[in-house]
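Please read all numbers here as calculations on a predicted model, not as lab measurements.
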Amino acid sequence: AVETFSSIQISNLSSADSSKSLCLSQVFYCLGAIAAPQIVYLCLGFGLSWYEVFLVFTALSALIMVLFLIVNRYRLRSVPATAEPRRGTKASEVRAHASESLYVLFLLVMMCYVAVESLSASWLSYAFERAYLLTTRNAALVLVAFWSGMIVGRLSIMLIPSQLTLWPTLLASSVLLVLSTFLLLVTPGLIGSIVAVCILGASAGPMWPVLVMTSSSVFRSERKTAAIIGVGAIGFAFGPLLGSLVVNTGSIRMFHYTQVFLSVVVVSLTYLAYFLYRKPSALRQNGPNDGERSAERTE
């Protein structure tokens, strides 16, 4: 809920044609993902019980609440809902249908992408432990490489022009996601595989914030943006579950094949969504035909 509401707030405060602010916010999400295990490690090192560790995270959650209320104290008020546009012509009905189909594609892209991310974050350390006979501690460090790559990927969005931070970044990241998972599949040796994990993180890094910001720019609806973020939770649950089924087959290579397969699904859905997005754009430029203009004048 915190991530959903804060992401919607950031997207509302950002320029409609740029995902830079949201990508920067997700850098701090990655820093938190790296910091949380270290906080637990320090707490246990001080001799705290698990009960006391959970109290520490309860205090952190309370701090989040206080900070959120302070930052949003001037915006915590209800906003009147905008009226739905009328759909009186054939052209507007075609656009509405295209918009609904595009929305479904965005939901599927988000769910499949988060499945790839959560699958990797949950099972990469286990895969390295089995493949290279690492200790559990050393295998866990692979996740640091993954999250560090995501930080680099999201920070890199700060360096490119704003007009390239929505669809161009989304299309490029989805292609790089496929290439990086394939690279992880074929790269021999421990060092090369860790580098491939970093590249995987960097490729995947911009996907989530750019998907959210692109959907906010396309649909101009907080409810739809929230639903797209929410459906990512389904992917977040599905990824580790799928990973457990795959690794129980005893084949680490099959785990990497699964990463490649899901990445191919992501890139296919992303490009299909882009072509569908471009199609109603051409319709808007051409406008309705003469008969439809006459109907509009009659209305």
Side-chain angles (χ1 to χ4, degrees), residues 3 29-30 32-41 44 50 53 107-153 173-205 207-208 211 230-270:
E3 184 175 27
Y29 172 85
C30 296
I34 294 174
Q38 306 305 318
I39 294 174
V40 174
Y41 177 79
L44 295 177
W50 277 108
V53 172
L107 292 172
L108 292 174
V109 172
M110 175 61 86
M111 185 175 66
C112 292
Y113 161 71
V114 177
V116 176
E117 179 186 322
S118 61
L119 171 70
S120 302
S122 300
W123 290 102
L124 270 175
S125 59
Y126 177 81
F128 271 71
E129 183 179 353
R130 288 285 305 275
Y132 298 105
L133 303 178
L134 302 176
T135 64
T136 303
R137 179 181 180 278
N138 290 335
L141 293 177
V142 174
L143 290 182
V144 176
F146 177 73
W147 289 112
S148 298
M150 293 197 79
I151 290 173
V152 171
S173 294
S174 62
V175 172
L176 291 174
L177 187 65
V178 175
L179 295 178
S180 59
T181 52
F182 182 75
L183 180 64
L184 186 59
L185 173 67
V186 300
T187 300
L190 176 59
I191 301 300
S193 296
I194 292 177
V195 172
V197 169
C198 289
I199 297 173
L200 172 61
S203 303
M207 284 288 295
W208 192 96
L211 262 172
V231 82
I234 299 176
F236 200 83
F238 175 70
L241 175 62
L242 178 62
S244 67
L245 297 175
V246 172
V247 299
N248 280 337
T249 65
S251 172
I252 297 302
R253 196 163 185 82
M254 184 61 67
F255 166 77
H256 293 306
Y257 278 124
T258 304
Q259 286 179 299
V260 174
F261 172 75
L262 286 176
S263 300
V264 171
V265 173
V266 170
V267 73
S268 301
L269 292 173
T270 301

At what distance, to the nearest 0.5 angstrom, does [atom1] of [X] lie from [atom2] of [Y]?
{"X": "L143", "Y": "S125", "atom1": "CG", "atom2": "OG", "result": "4.5 Å"}
{"X": "T270", "Y": "L108", "atom1": "OG1", "atom2": "CG", "result": "10.5 Å"}
{"X": "L262", "Y": "F238", "atom1": "CG", "atom2": "CZ", "result": "6.5 Å"}
{"X": "L179", "Y": "I199", "atom1": "CG", "atom2": "CD1", "result": "10.0 Å"}
{"X": "M110", "Y": "L211", "atom1": "CE", "atom2": "CG", "result": "4.5 Å"}
{"X": "L184", "Y": "H256", "atom1": "CG", "atom2": "NE2", "result": "4.5 Å"}

Exercise: identify the closest heavy-atom pair between [X] and [Y]:
{"X": "M150", "Y": "G205", "answer": "CE-CA, 3.8 Å"}
{"X": "A196", "Y": "T187", "answer": "CB-OG1, 4.3 Å"}
{"X": "V178", "Y": "V267", "answer": "CG2-CG1, 3.7 Å"}
{"X": "T181", "Y": "S263", "answer": "CG2-OG, 3.2 Å"}
{"X": "V266", "Y": "S174", "answer": "CG1-CB, 4.5 Å"}
{"X": "F236", "Y": "V114", "answer": "N-CG1, 3.5 Å"}

Side chains of [X] and [Y]: does their closest heavy-atom pair fall under 4.5 Å?
{"X": "E3", "Y": "W208", "result": "yes"}
{"X": "F146", "Y": "S120", "result": "yes"}
{"X": "L200", "Y": "Q259", "result": "yes"}
{"X": "W147", "Y": "I151", "result": "no"}
{"X": "R130", "Y": "V247", "result": "no"}
{"X": "I252", "Y": "F128", "result": "no"}

Please check this pair: side chain of S122 against backbone of L119, looking for a donor-acceptor N/O pair closer than 3.5 Å. no

Look only at the side chain of N138 and the backbone of L134, and say whether a donor-acceptor pair between them is shorter than 3.5 Å. no

Only counting residues at least two apart or in another chain, list the ones meeting ring pair (Phe, Tyr, Trp, His ring centres under 6.0 Å) with Y126. W123

Member of T135, T136, V142, L124 meeting the side-chain contact (heavy atoms from CB on, under 4.5 Å) criterion with E129: T136

Taking atom OH of Y132 as the centre, does the number of heavy atoms from other residues, nucleotides or ligands within less than 6.0 Å exceed 12? yes

Please lay out, stage by stage, how S180 and V197 fare under the test side-chain contact (heavy atoms from CB on, under 4.5 Å). CA-CA 8 Å; S180 59; V197 169; over 6 Å; no

According to the side-chain hydrogen bond (donor to acceptor under 3.5 Å, both in side chains) rule, which pairs have a member within residues 108-118, sequence neighbours left out? Y113-E117

